[in-house]
There are 2 protein chains.
Amino acid sequence: MKASIKEVARLAGVSVATVSHVLNKTKNVRPETRTRVEQAVTKLNYQINPMARNLRRGETKTIGFVVANMANYYYLDIARGLEQRLLKSGYRPLLIDSQEEKHIEIENVKNLLASAVDGLVIAPTTEDFSYLKLLIGRRHLPVVFVDRRPTGFEGDLILATNEQGAYQAVKMLIAKGHREVAFIGSRYDSTMMERVIGYRRALTEAGIPVNTNYIKMGAKVSVSLNELRHGTSFSQTRELLELGSVTAIFSGNNLASIGVFTCLREMGVQVPQEVAFMTFDDDFWLTMTTPSISAVAQKPGEIGKVAGDIMIERLLKQAERIEGYHNVRVSTRLILRESC
Amino acid sequence: MKASIKEVARLAGVSVATVSHVLNKTKNVRPETRTRVEQAVTKLNYQINPMARNLRRGETKTIGFVVANMANYYYLDIARGLEQRLLKSGYRPLLIDSQEEKHIEIENVKNLLASAVDGLVIAPTTEDFSYLKLLIGRRHLPVVFVDRRPTGFEGDLILATNEQGAYQAVKMLIAKGHREVAFIGSRYDSTMMERVIGYRRALTEAGIPVNTNYIKMGAKVSVSLNELRHGTSFSQTRELLELGSVTAIFSGNNLASIGVFTCLREMGVQVPQEVAFMTFDDDFWLTMTTPSISAVAQKPGEIGKVAGDIMIERLLKQAERIEGYHNVRVSTRLILRESC
DNA sequence: TCTAAAAGGTTAAACGATTACCAATCGATA
DNA sequence: TATCGATTGGTAATCGTTTAACCTTTTAGA
């Protein structure tokens, strides 16, 4: 089967304690014995048994990452950034999908706690996290939130510069001569709220009155990209077009943009000649459409990296309540394409 | 901190062995004592320590899933199907990305073996897996391959019906009147080989001679979707267009289709009037382009599920060499859209 | 009533590491 | 020379379970 530390010790003619000390550099060992141990290790192709070590040390070296919706590519990019940083420090992310369902999210968290992760990174489905307190109880477990701000629970938080991103985008539309700019969001969470605020600020600063008929919210979030094409944002777009006055549409996130663009295309609207279009969140497919679509690009990889760094910091320093919580904003940038 | 089995035993007034037996239903216990134990469990909010159990039982209840390229959505769908089945049997997938690099793949496998997974599902980057024998050595570890056939190592294998899929697609193009049909593949692996064979069979059956100038292979695989737009398949498409005779292009996979379509669009080619287009592998963005793009759709979720089922079977029966290896084909279907 | 078998429960040895504590050796110093 | 401290190594307890083996009772059948 597999060699254990005992057999290494026997082959090297020392005790298991010494082998352990050599392996972990946790005590001085005479060079001679050290090499004897090392030779035994390579000879037996010995690999430490992580379960035994973890049991003894009381840690798992895994960080649970609870993702709101794996169908949304955005979260995958976060996961990649996160993984990169965690691996560097010997930790490993454990990915799990909530499919935009609160009850699945809770189930996932329970599961991860049961498998004794050392930390939790959460991209929330909805904002309420009062349940987390009960589940975590009084053990040391750092929690980092990304993408949406939770309520009822405190932890580190990493968000994009939502307000500024939306502001810049709408300002750009205004600069191109648009005054009748509509906003199509989706679920009304803290993040979407900030984007709406940016949208309003751009209008107000330009002296354009905010027309609440131009703001469409409350879409149902779906897991299926294909369903999204004819989902709420599709019909909301049609409603806006029927007003007859809108000359530009800004979509509040990547999921909403699917329905918006599908509608524009199916209604035969000339983009950008008749209606200009822009969206929050960049995505690969925005480059493949005719016209290609302008976007406020987040840096999801960066968000993941920051989340990883903060997690590692907490893990190493066990400093969760020493200095309050981090509240990081990762910048966005405007990518202009053909749609405006 | 957290309650252990000992405290449950003390509270219930029994031995730890009895608690364990109640928990695992591994021995008869008088109903009365059983409820005493159960009450103690809920009262202390006792959760079993998975590391201790795993150490004792010598299993981790995790299955490593080594993905060739997480930027390719196809693998994500496989992962979802896999996860679904594994969770049902109390196992959990551990996802890890090889970024299309053989050396990262090997690193990943080593990592997973070191963390003592109970099984391995692999979507290979390249086909050579002779290294696996050495790494696994002589322990019981089921290995299931998906998407590409490995060489140098035997395991269960789950593939799409590549030959038939390509055959049907090209046959359809021929039925629409095309005789000058080109094929753009990418890396020349077993899977792409099968698709080429399907392509050739369709032509031959229709009495159309195979023109080897129409077959472009050997593209460099990239992880970046954006780079792929102007990668090898882009220039291969231009070469084909310069021949002046091609009336239809069939793309061998979803990655190649990105470059092909980008080229068609940037060269101002009318699709499907001047050149028809079709691709192996369905993807969300194929529905958002103008025109939308026809595809041979795999069922990645189904592939993942089958992989999960087979893995579970092996795990339960420990029957890896009793009955040879599975060799499953998951069907494809033609999705016709505007591009042909 | 006696015996065998079944049932209910406990003891203690693992699993494979880590680590506090102890013991021996050796120079160097007072 | 006796002592001190550093260095090197070993002993054994521990982490939280599982499980084989064993000991008592009960139960059932004759």
Side-chain angles (χ1 to χ4, degrees), chain A residues 1-41 44-62 90 113-118 137 139-140, chain B residues 1-41 44-62 90 113-118 137 139-140:
Chain A
M1 212 59 193
K2 260 183 82 175
S4 80
I5 197 173
K6 259 185 221 154
E7 319 178 32
V8 174
R10 199 154 39 79
L11 183 58
V14 297
S15 73
V16 291
T18 304
V19 176
S20 178
H21 284 134
V22 167
L23 259 30
N24 300 300
K25 309 192 199 319
T26 169
K27 208 174 188 184
N28 269 347
V29 168
R30 200 154 26 112
E32 186 197 309
T33 39
R34 164 182 302 281
T35 58
R36 272 221 316 284
V37 170
E38 279 163 352
Q39 282 169 7
V41 163
L44 293 175
N45 189 25
Y46 167 72
Q47 309 222 124
I48 218 164
N49 179 323
M51 287 179 297
R53 159 178 285 184
N54 291 341
L55 172 60
R56 181 57 228 245
R57 289 210 180 143
E59 57 180 24
T60 55
K61 292 285 179 184
T62 36
L113 291 178
S115 45
V117 292
D118 293 343
R139 76 183 110 163
H140 169 69
Chain B
M1 212 59 194
K2 261 183 80 174
S4 80
I5 198 174
K6 258 185 220 154
E7 320 179 30
V8 174
R10 198 153 40 79
L11 182 60
V14 297
S15 73
V16 291
T18 305
V19 176
S20 178
H21 284 135
V22 167
L23 259 30
N24 300 302
K25 309 190 198 320
T26 168
K27 208 173 189 185
N28 270 347
V29 168
R30 200 148 31 105
E32 186 197 307
T33 39
R34 165 183 300 279
T35 58
R36 273 222 314 286
V37 170
E38 280 164 353
Q39 281 169 7
V41 164
L44 294 174
N45 188 25
Y46 168 71
Q47 307 221 124
I48 216 163
N49 180 323
M51 286 179 297
R53 159 178 287 184
N54 290 342
L55 172 59
R56 180 58 228 245
R57 290 210 180 144
E59 59 182 22
T60 55
K61 293 285 180 184
T62 34
L113 291 178
S115 45
V117 293
D118 293 344
R139 77 184 110 164
H140 168 70

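A, B, ... follow the sequence lines: proteins, then strands. Residue 1 opens every chain.
Among residues two or more places apart in sequence or in another chain, the side chain to side chain contact (heavy atoms under 4.5 Å, CB included) test is passed with B:T62 by B:T60, B:R92, B:V117. The side chain to side chain contact (heavy atoms under 4.5 Å, CB included) search around A:N24 returns A:S20, A:T26, A:R53, A:R57, not counting sequence neighbours. When the salt bridge (Lys or Arg N to Asp or Glu O under 4.0 Å) test is applied to A:R36, the partners found at least two apart in sequence or on another chain are A:E32.
Rounded to whole Å, the distance from NZ on B:K6 to C1' on C:dT10 is 16 Å. The nearest whole Å value for the distance from the CG atom in B:N54 to the P atom in C:dC15 is 16 Å. Between the CG atom of A:N28 and the P atom of D:dG10 there is a distance of 15 Å, rounded to whole Å. Taking atom CD on B:Q47 and atom P on D:dT17, their separation rounds to 11 Å, with Å as the unit. One atom, CE of A:M51, and another, P of C:dA14, lie 18 Å apart when rounded to the nearest Å. Look at CD1 on B:I5: it is 14 Å from P on D:dC15, rounded to the nearest Å. One can place CG of B:L44 at 14 Å from P of D:dG16, the figure rounded to the nearest angstrom.
Looking at heavy atoms from C-beta onward, B:T33 lies out of side-chain contact with B:V22 at the 4.5 angstrom threshold.
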Per-nucleotide protein contact string for nucleotides 19-28 of chain C (B base, S sugar-phosphate only, - none; heavy atom under 4.0 Å): B-B-------

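Heavy-atom distances under 4.0 Å link DNA chain D to A:V29, A:R30, A:T33 of residues 29-36 of chain A, given in residue order.
Residue pairs meeting the side chain to side chain donor-acceptor pair (under 3.5 Å) criterion with at least one member in residues 5-15 of chain B, sequence neighbours excluded: B:S15-B:T18.
Each of B:L55 and B:S15 lies near DNA chain C, and the nucleotide nearest B:S15 is the one positioned closer to the 5' end.
Nucleic acid contact for B:I48: sugar-phosphate only, since backbone atoms but no base atoms lie under 4.0 Å from a heavy atom of the residue.
Closest heavy-atom contact between B:D118 and B:K61: OD2-N, 2.6 Å. Among all heavy-atom pairs drawn from B:S115 and A:P50, the shortest one is CA-CG, 3.6 Å. Between A:N54 and A:E59, the shortest heavy-atom contact is CB-O, 2.7 Å.
When the options A:L11, A:V37, A:L23 are evaluated for a side-chain contact (heavy atoms from CB on, under 4.5 Å) with A:Y46, the one that passes is A:L23.
The distance from the CD1 atom of B:I5 to the CG atom of B:L44 is 12.0 Å, given to the nearest 0.5 Å. How far CE of B:M51 is from CZ of A:R56: 12.5 Å, rounded to the nearest 0.5 Å.
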Can you pull every protein N or O that's under 3.5 Å from an N or O on nucleotides 23-28 of chain D?
none

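The phosphate of D:dT17 has neither OP1 nor OP2 within less than 4.0 Å of any side-chain N or O from B:N49.
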